[in-house]
Amino acid sequence: MIGFIGTGHMGGALARGVLAAGADPASVVVSAKDAQAARDFAEETGARPATSNTELVTAVGDGIVVVAVKPYAVADVLEEINDVARESGTVIVSIAAGLELATLARHLAPGQPLVRAMPNVAASVRASMTALCFSNSVTPAQQDAVREVFAAVGAHITLEEKHFSVFSALAGCSPAFTFTYIDALKRAAVADGLPAAQAVRIAAQAVEGAARLVLASELSPADLADTVQSPGGTTVAGVVELERAGFGAAVVRGVQASIDKDRNLS
Ligand SMILES: NC(=O)C1=CN([C@@H]2O[C@H](COP(=O)(O)OP(=O)(O)OC[C@H]3O[C@@H](n4cnc5c(N)ncnc54)[C@H](OP(=O)(O)O)[C@@H]3O)[C@@H](O)[C@H]2O)C=CC1
Ligand SMILES: O=C(O)[C@@H]1CCC=N1
């Protein structure tokens with residue numbers, strides 16, 4: 001059994017991804033702040049709605065509960081489910097930005113199996129990049145069960161907790177950077193007369209292709225960029241202009257701002 005406390009952007013994306021990967025809908029339980037929101041989500045996806053977070057944890061038992069509420073709401077939710085989770089031996093997975101295992105553990109019983117995860121919104125299409133960090137109380141079998149959940153919604157790695165802030169910026173936040181980039185590509189194309197829907201589809205497919213090439217190639221991204229730039233050609237003209245406008249530096253600054261914000265949340 002797996003439960004999702006929170007069916008918003010990220011909890012919803014994970015639950016949809018797990019279901020799309022073939023999980024039995026009867027084994028996926030959801031709750032939300034507003035019980036009607038959980039019922040609506042359940043009706044749409046086939047998952048089981050719970051009327052409260054404690055009801056959800058009771059239903060999940062010694063399975064996995066993903067806490068997918070905003071960071072400021074996590075402490076209250078953990079304290080609310082603490083007693084039931086302790087009795088059931090539930091594995092608690094927090095996906096909250098910035099909240100460290102030590103901080104989370106303060107709201108749970110000593111020895112409660114606890115996992116910190118950072119997925120991204122592409123989990124809904126089973127293309128997340130997720131980092132996992134396990135507390136000492138998580139058994140190898142429980143670790144495998146958690147890995148199986150995140151493998152169902154994309155790629156995952158186990159990462160030392162000290163790297164979570166940079167991971168969060170690079171994989172948790174960067175889909176928003178990429179959507180912004182695709183939107184800018186679209187705007188430029190629309191300015192030149194292409195219909196918006198067509199421009200978005202073309203730009204998104206080009207971004208997906210480039211990303212897949214990076215993953216499949218032994219060349220670095222910079223070397224791959226060289227393969228597209230003919231001397232005196234159209235691409236290098238565009239790249240020079242992007243750099244003149246501060247493209248690379250802007251990306252570095254954006255990532256650093258997300259890292260700093262994540263560190264300030266803990
Ligand atoms: N959005 C993203 O791309 C990513 C988000 N995260 C993390 O995921 C977490 C959730 O973010 P996101 O999905 O964007 O937020 P949303 O605001 O979209 O969703 C929050 C969800 O939490 C529910 N909720 C709030 N309080 C409670 C409560 N007391 N009990 C049960 N459910 C509650 C809300 O219910 P209701 O609908 O009834 O209000 C809603 O379903 C955050 O901690 C964030 O750091 C991590 C990686 C990426
Ligand atoms: O910005 C947010 O709240 C979350 C954290 C990681 C990605 N999005």
Side-chain angles (χ1 to χ4, degrees), residues 3-18 28-45 47-60 65-82 84-85 92-101 103-104 107 114-133 149-150 153-157 159 163-180 254-266:
F4 295 92
I5 297 182
T7 54
H9 293 113
M10 200 57 238
L14 286 170
R16 285 177 211 282
V18 165
V28 178
V29 199
V30 295
S31 64
K33 184 166 193 164
D34 171 8
Q36 186 58 43
R39 276 197 293 277
D40 290 347
F41 184 85
E43 195 170 319
E44 186 198 324
T45 59
R48 275 172 61 183
T51 55
S52 71
N53 298 331
T54 48
E55 183 188 308
L56 177 142
V57 177
T58 304
V60 168
V65 166
V66 178
V67 178
V69 304
K70 291 288 188 198
Y72 63 79
V74 169
D76 284 350
V77 167
L78 293 182
E79 286 182 11
E80 184 189 345
I81 64 173
N82 179 28
V84 193
I92 307 292
V93 179
S94 165
I95 62 164
L99 300 188
E100 293 173 355
L101 285 170
T103 308
L104 299 164
H107 305 287
L114 181 58
V115 183
R116 183 173 174 192
M118 179 48 60
N120 76 28
V121 78
S124 63
V125 291
R126 305 184 58 205
S128 178
M129 177 70 236
T130 303
L132 299 170
C133 182
V149 169
F150 288 97
V153 297
H156 63 88
I157 55 166
L159 194 67
H163 296 310
F164 258 62
S165 292
V166 64
F167 180 90
S168 177
L170 215 51
C173 306
S174 74
F177 304 165
T178 308
F179 300 146
T180 306
V255 170
Q256 190 60 52
S258 291
I259 293 172
D260 293 346
K261 187 73 181 179
D262 189 88
R263 292 204 170 116
N264 286 336
L265 284 173
S266 29

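Every value quoted in this text rests on a predicted model; they were computed, and no experiment measured them. As the structure lists them, so they are numbered: ligands from 1, and atoms in each ligand from 1.
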Contact table ligand 1 N or O to protein N or O, d under 3.5 Å:
unit_1, atom_1, unit_2, atom_2, d
ligand 1, 13 (O), H9, N, 3.2
ligand 1, 13 (O), M10, N, 2.7
ligand 1, 14 (O), K70, NZ, 3.3
ligand 1, 15 (O), K70, NZ, 3.3
ligand 1, 18 (O), H9, N, 2.9
ligand 1, 18 (O), H9, ND1, 3.0
ligand 1, 30 (N), N53, ND2, 2.9
ligand 1, 32 (N), K33, N, 3.1
ligand 1, 35 (O), K33, N, 3.1
ligand 1, 38 (O), K33, N, 3.2
ligand 1, 38 (O), D34, N, 2.8
ligand 1, 41 (O), T7, N, 2.9
ligand 1, 41 (O), G8, N, 3.1
ligand 1, 43 (O), V69, O, 2.7
ligand 1, 45 (O), A97, N, 3.0

Nearest atoms (heavy-atom pairs only) where N120 meets M10: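 Answer, listing the atom of N120 first, then M10: O-CE, 3.0 Å.
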Shortest non-hydrogen separation from L132 to A117 and the atoms involved: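 Taking every non-hydrogen atom into account, CD2-CB, 3.7 Å.
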Residue from V93, L104, I95 passing side chain to side chain contact (heavy atoms under 4.5 Å, CB included) with V115: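 Checked V93, L104, I95 against V115; only one passes side chain to side chain contact (heavy atoms under 4.5 Å, CB included): V93.
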Nearest-0.5 Å distance that lies between atom CG in L170 and atom OG in S165: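 Result: 12.0 Å between the selected atoms.
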Measure the distance from [atom] to every protein heavy atom, then report the residue, atom name and distance (to 0.1 Å) of the closest one.
atom                   : answer
atom 1 (O) of ligand 2 : C173 SG, 5.0 Å
atom 8 (N) of ligand 2 : G172 O, 4.2 Å
atom 3 (O) of ligand 2 : K70 NZ, 4.6 Å

Numbered atoms and elements of ligand 2 in range of A97, under 4.0 angstrom, heavy atoms: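 In order of numbering, the contacting atoms are 5 (C).
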Side-chain donor or acceptor of S52 paired with backbone N/O of E55 under 3.5 Å: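 Yes: the side chain of S52 pairs with the backbone of E55.
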Under 3.5 Å: donor-acceptor pair, side chain of T180, backbone of A176: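 Side chain of T180 to backbone of A176, a donor-acceptor pair under 3.5 Å: yes, one is there.
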Any side-chain heavy-atom pair of R16 and F41 under 4.5 Å: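 Heavy-atom side-chain distance check passes, below 4.5 Å.
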Close side-chain approach of F4 and L56, heavy atoms under 4.5 Å: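 Result no, sub-4.5 Å side-chain heavy-atom pair not found.
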